[in-house]
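This structure is a prediction, so every number in the text was calculated from the model and none was measured.
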Amino acid sequence: ATETKGRESDVKNLRMQLRQSEARVRAKEVLCEKATDKLRTQIEVEKANKERDRKAFLRIQKRPPQVHRVQDQQLLEVVSAYEGLRSELLVEAAQLRAQLKSLLEDHRHLANAAVAQRSRGSSHSLPGPEPTWVPGGPVGMGAGVGADDAVLRMADQLQASNQEIEASRAREARLKDQAKFMAKEIDQLRQKLETEEAACENVRLELASRPTARSLQEARQEAKALRGRLAQAEGKAREATDLAALKKSLSTRQLVARDRENHRLGLDRLGFLEELPRDLCRDLLQSACRALMVSDVTLIQPAIEKMAKAVSLLPRLEKFVRAVSDLAATFSPADNPHGPVLEDCLPVLEAMRARAADAEGLESLRAKLGAALAGRPVKAQQGGRLSTSSDDGELVACVAELVALEAQLVAKAEAYEAAELEVQEAPNLLAHQIARHFQHLFQVKKLEGVLPKMNELYIYCSETNTMLKALSSTFGLTARASPKTLLLAVQQSLAEKQESLSSGGSQSPL
């Protein structure tokens, strides 16, 4: 009852808070409506100004403004400022026209009054020129001293009107500042209203999420019913100590397999199991659960089956461990006379794995070396190209041959360097002069290129002599004919052929 009263007081407090929140929300809504009306009016004025600016832009540029063009936007801003100033000036001009019209009316009345007074005064004097009346005022001698006074008063009134115009402009500037300030206040009020609306919405959601008194009572009744069902289930679980209750947790296949195993072992024919005391059976089951580290009696059988399977695999494991120990003992004999210890096998196995990795690396290196040496052109020319399956002796012989060749090349290069140095140190020797002159003639930079260049020249000279002999035999000359004689014979033969061709072309029919 106390809890129910507390819940009712909480509900009342929440309802009171909800009413207060609703009242604040209504007040904020009224303020929001007023601000919305002001904003709507301001938006309408801004729309009218924008439409006015757009029409002015269309009248000036003969086309509508484009939003994405910066020049059009700048021109719109200038047009907006100009139109605003123009509207203000039009208002001021209208006010000035009205003031000027009133001043002109006053001046006309004063001039007419002065003319009337002069006409009344001149009736007693000599006759003179009569004043002329016009709709706009007196003309001629009618404008006297009174007209000058009227002009002075008009000037004073004009000055006063100018002062009023300046005051109205200052008042307009103040009104603009007040409008800006009010716009800022409206924005602040709008933001504050949004925050208040969000807070009100949160409060409403919180109130909607809170349970009602009826739902709370139903939840309590449901919890009470569940507690009763749980107590009944716990009681039934405590009472289920017989074998029939335990068999309900097993499947039919498991029960059939269990009965067959009991029949095979003859456990169903032993009568002393039924005569065992209940307390003894409970103690035995508890001891078995503790030994197997299970908390459910039905898990004893699976645990025992796993343990029996593991025990059946122990001989194979023992054989494997003994074989590994013997293998480790052959690689690293231990000091223990009774045989190797299991702790000593792990370092030996790790060393064996490292050796196997090194052997794999060496085998990979041997394969790469064989593949590299198999592409030797010298060995291919000799008809003994190596393969990746060549033995180590052949690979070592090839490597030794390459090392010897490299040594010869290095010795040859050193000899050429020594000869180059000797030529530079003793350039006056005849052999050295001959070598330098040969290098100069045939543009050979180093001594090591002299012999290849000589071979190249020999081949070129041999081919040239062969060609000259062939041409000499073709043109019927002797083998010792000079190149000049051979050239003249070639030119003469070409000239004769050209003449024959030209004569044959001229005699051909058209």
Side-chain angles (χ1 to χ4, degrees), residues 1-57 65 67-68 73 76-92 94-95 164-223:
T2 306
E3 187 176 0
T4 304
K5 290 181 180 179
R7 294 292 181 181
E8 290 177 354
S9 63
D10 293 339
V11 171
K12 289 180 180 179
N13 292 330
L14 290 174
R15 288 177 180 175
M16 187 178 296
Q17 291 179 3
L18 181 60
R19 292 194 201 97
Q20 293 176 358
S21 300
E22 290 177 351
R24 288 196 297 269
V25 169
R26 284 195 293 271
K28 297 294 183 182
E29 287 177 353
V30 171
L31 293 175
C32 183
E33 289 177 358
K34 292 181 179 179
T36 305
D37 294 337
K38 290 181 181 179
L39 288 172
R40 189 180 296 109
T41 305
Q42 188 176 0
I43 289 170
E44 290 177 356
V45 173
E46 290 180 356
K47 285 183 179 179
N49 292 335
K50 288 182 179 179
E51 185 66 22
R52 180 198 64 194
D53 298 341
R54 193 183 67 81
K55 289 180 179 179
F57 185 91
V67 181
H68 302 290
Q73 297 300 323
L76 273 176
E77 292 178 359
V78 174
V79 168
S80 176
Y82 171 75
E83 289 294 332
L85 183 61
R86 181 171 172 273
S87 61
E88 293 177 0
L89 292 176
L90 287 175
V91 173
E92 291 181 2
Q95 293 176 357
E164 289 179 359
I165 289 169
E166 294 295 333
S168 64
R169 288 180 178 176
R171 186 167 57 256
E172 184 180 1
R174 289 195 300 272
L175 289 175
K176 287 182 178 179
D177 295 337
Q178 290 180 2
K180 292 181 180 179
F181 182 72
M182 289 178 65
K184 291 181 180 179
E185 287 185 349
I186 288 169
D187 293 336
Q188 293 177 359
L189 289 173
R190 187 184 303 160
Q191 294 177 359
K192 191 174 181 181
L193 179 62
E194 290 177 356
T195 54
E196 291 291 337
E197 288 179 353
C200 291
E201 186 66 24
N202 292 332
V203 171
R204 288 175 184 173
L205 292 174
E206 185 179 358
L207 290 174
S209 62
R210 289 186 178 180
T212 60
R214 183 176 180 180
S215 61
L216 183 63
Q217 187 67 23
E218 291 177 356
R220 287 177 179 174
Q221 292 177 0
E222 187 177 359

Chi angles and distances behind the salt bridge (Lys or Arg N to Asp or Glu O under 4.0 Å) call for Glu44, Arg40 = CA-CA 6 Å; Glu44 290 177 356; Arg40 189 180 296 109; 5.7 Å; no

Donor-acceptor pairs are to be reported for all side-chain atoms of residues 14-27 against protein atoms at under 3.5 Å, with residues two or more places apart or in another chain.
from  : atom 1 : to    : atom 2 : distance (Å)
Ser21 : OG     : Gln17 : O      : 2.8
Ser21 : OG     : Arg24 : NH2    : 3.4

Looking at CG of Asp53 and CD of Glu46, how far apart are the two atoms once the value is rounded to the nearest 0.5 Å?
-> 11.0 Å

Partners meeting side-chain hydrogen bond (donor to acceptor under 3.5 Å, both in side chains) with Arg54 (sequence neighbours left out) | Glu51

Electrostatic pair Asp37:Lys34 at N-O distance under 4.0 angstrom | no

